[in-house]
Amino acid sequence: MKSSIASVILLGALAACQTVEPEPVLAADPEDHALAQAACGSCHSVEPYGLSPNPDAPEWPAIANRRGVTRETLTMWLVDAHNYPGEMDFYLEEDEVEQLVDYMLTLRREDYHPPY
């Protein structure tokens, strides 16, 4: 009986030492990252961590991790130029929108916390 109790305690201790693998994160395509940096990086932080150069421009991880943000909502927002603030008055080709959305979605994290 004592050995079975000891075995249960030992198994419990071993289980407590196990690490849980995080969910896989989408890998960022270097071309998508380059487009994000070139098109948006002068105002927004497009990196997984860091503050935006323009304090009025939200960091991309903050956008990507907002509740309710989906591939569809990001795409619609980037396509509808009338939604942009004046500083963002530029045109994106359909494939550029897709690249930017793909990259933004790589910035999602289960454990995301805003940098401020």
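The CD atom of Q99 sits 10.0 Å away from the CG atom of L92 when rounded to the nearest 0.5 Å. For the atom pair CG of D29 and OH of Y103, the computed distance is 11.0 Å after rounding to the nearest 0.5 Å.
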Enumerate, atom names and distances included, each donor-acceptor pair closer than 3.5 Å involving a side-chain atom of residues 62-70, sequence neighbours excluded.
residue	atom	partner	partner atom	Å
N65	OD1	R109	N	2.9
N65	ND2	P61	O	2.7
N65	ND2	L107	O	3.1
T70	OG1	E72	N	3.3
T70	OG1	E72	OE1	3.4
T70	OG1	T73	N	3.0
T70	OG1	T73	OG1	3.4

Can you list, pair by pair, the side-chain donor-acceptor contacts under 3.5 Å of residues 38-50, counting residues two or more places apart and other chains?
residue	atom	partner	partner atom	Å
H44	ND1	P58	O	2.6
S45	OG	G50	O	3.4
E47	OE1	H33	NE2	3.1
E47	OE2	H33	NE2	2.8

Criterion side-chain contact (heavy atoms from CB on, under 4.5 Å) on V79 and E94, from CA distance to verdict
CA-CA 8 Å; V79 168; E94 188 175 325; over 6 Å; no
Step by step, work out the side-chain contact (heavy atoms from CB on, under 4.5 Å) result for L100 and D32.
CA-CA 6 Å; L100 293 176; D32 296 350; over 6 Å; no
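Looking at E96, its side chain does come within 3.5 Å of a backbone N or O of E93 through a donor-acceptor pair. Although no hydrogens or angles enter the test, the distance criterion places a donor-acceptor pair under 3.5 Å between the side chain of E59 and the main chain of S52.
No more than 12 heavy-atom neighbours from other residues, nucleotides or ligands sit within 6.0 angstrom of CD on E31.
Counting only heavy atoms from C-beta outward, the side chains of L74 and L105 approach each other to under 4.5 Å.
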